[in-house]
Amino acid sequence: RMRRKILSGPDLQLNRLREASDSMMTEYNPNYEFGGGTYSLRDLKDIPREHLRLVKALGQGAFGEVYQGFFKHRAGDAVEMPVAVKTLPELSTSQAETDFLMEALIMSKFNHPNIVHFIGVCFDKHPRFIVIELLAGGDLKTFLRESRPKPDRASPLMMKDLLSCIIDVAKGCKYMEENRFIHRDIAARNCLLTTKGPGRVVKIADFGMARDIYRADYYRKGGKAMLPIKWMPPEAFLDGIFTSKTDVWSFGVLMWEVMSLGYMPYTGCANREVMQLVTSGGRLEPPANCPTQLYAIMTQCWNPSPDKRPSFPLILERLGYCMQDPDVIKSALPVYTKPPSTERDT
Ligand code: ADP
């Protein structure tokens, strides 16, 4: 789109600098395919910066700080909507710019109650913003760990709360499967809650792994150390094959995380040992007090042959039966026994 003339010497350098600081986003404008359409930067909804008010920092993301804030639709509006604002620091590499744009594109095309809702972007100048719905309950893994029974208090959760979290994630996964989107990193740490209290809804909120495969140098950067091995099926870590059935396996591991109230899967095992264990047929044990009906669904998700793993509609049907089953619903919460000191939090 930019007209170029032949430049040399200082002109060329100046031009390069200008490009590097400003037009990176328009210079390199990758496409994103979803649901049969192709999308790029200009398909993203722009929000005027003045309609945003950042209130406090929520945490550090892969790019920059994530803030809690408020957004108003029109300049004069009295009502403001709570939002989360992901920021890209001014001094970012062009790779980070592209990754940030790709994350916005990915999130913008989803439209489902169990996937974080995209609101818009401010990409006109620095710092760049991605505005999404605020999920004030934090991530699912932390929530589960905080909900463990303590000596002085029983867990505030019941079996139906855990099942409801699992069903929420399965619904988001079913939607992604329908749209042929492979997430590649379904795990409790990547799901966020609307609220910690009753009525909470769990949403899939992190698309870092799917985003990164759009990168030209993906396989060079970080390499295998970056892969979520404990959530991956053998064909993924052995042969690099990713399908919706990859997500089904990972979903089984997420079910295990929920039913163990946020335990690290294969506690104390290094990735290398887990790959060895899983390829030779070893599987996660049922979490303490886990209803057999739920563990049965997990083991179906971990079928060595991808074709034999259930689809998400079938998983949802089976989870629905569990929700109706008094034996499941009335079972006591998982018992939390102190993990070995080797538990690592990655
Ligand atoms: P990363 O880039 O490491 O995957 P994120 O950028 O997704 O992390 O998030 C960084 C922090 O911001 C995390 O603590 C996460 O819980 C929080 N966060 C991200 N998105 C939202 C949101 N929509 N609502 C509330 N908090 C969020």
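One-based numbering, in listed order, for ligands and for the atoms of each.
Scanning for salt bridge (Lys or Arg N to Asp or Glu O under 4.0 Å) contacts around Glu177 gives an empty result, with sequence neighbours left out.
For the pair Arg200 and Asp161, the salt-bridge criterion is met [side-chain N within less than 4.0 Å of a carboxylate O]. Between Lys245 and Glu235, none of the side-chain N atoms (NZ, or NE/NH1/NH2) sits under 4.0 Å from a carboxylate O, so this pair counts as no salt bridge.
Each ring pair (Phe, Tyr, Trp, His ring centres under 6.0 Å) pair with one or both residues in residues 133-169, not counting sequence neighbours, would appear here, but there are none. Screening residues 59-85 for salt bridge (charged side-chain N to carboxylate O under 4.0 Å, His left out), with sequence neighbours left out, gives Arg53-Glu80, Arg74-Asp77.
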Under 3.5 Å, N/O to N/O: give me all the pairs between ligand 1 and the protein, one per line with atom names and distance.
unit_1   : atom_1 : unit_2 : atom_2 : d
ligand 1 : 2 (O)  : Ala62  : N      : 2.5
ligand 1 : 4 (O)  : Asp206 : OD2    : 2.4
ligand 1 : 6 (O)  : Lys86  : NZ     : 3.2
ligand 1 : 7 (O)  : Lys86  : NZ     : 3.0
ligand 1 : 23 (N) : Glu133 : O      : 2.8
ligand 1 : 24 (N) : Leu135 : N      : 2.8

Problem - Chi angles and distances behind the side-chain hydrogen bond (donor to acceptor under 3.5 Å, both in side chains) call for Thr142, Asp139 - result: CA-CA 6 Å; Thr142 305; Asp139 75 276; 2.6 Å; yes
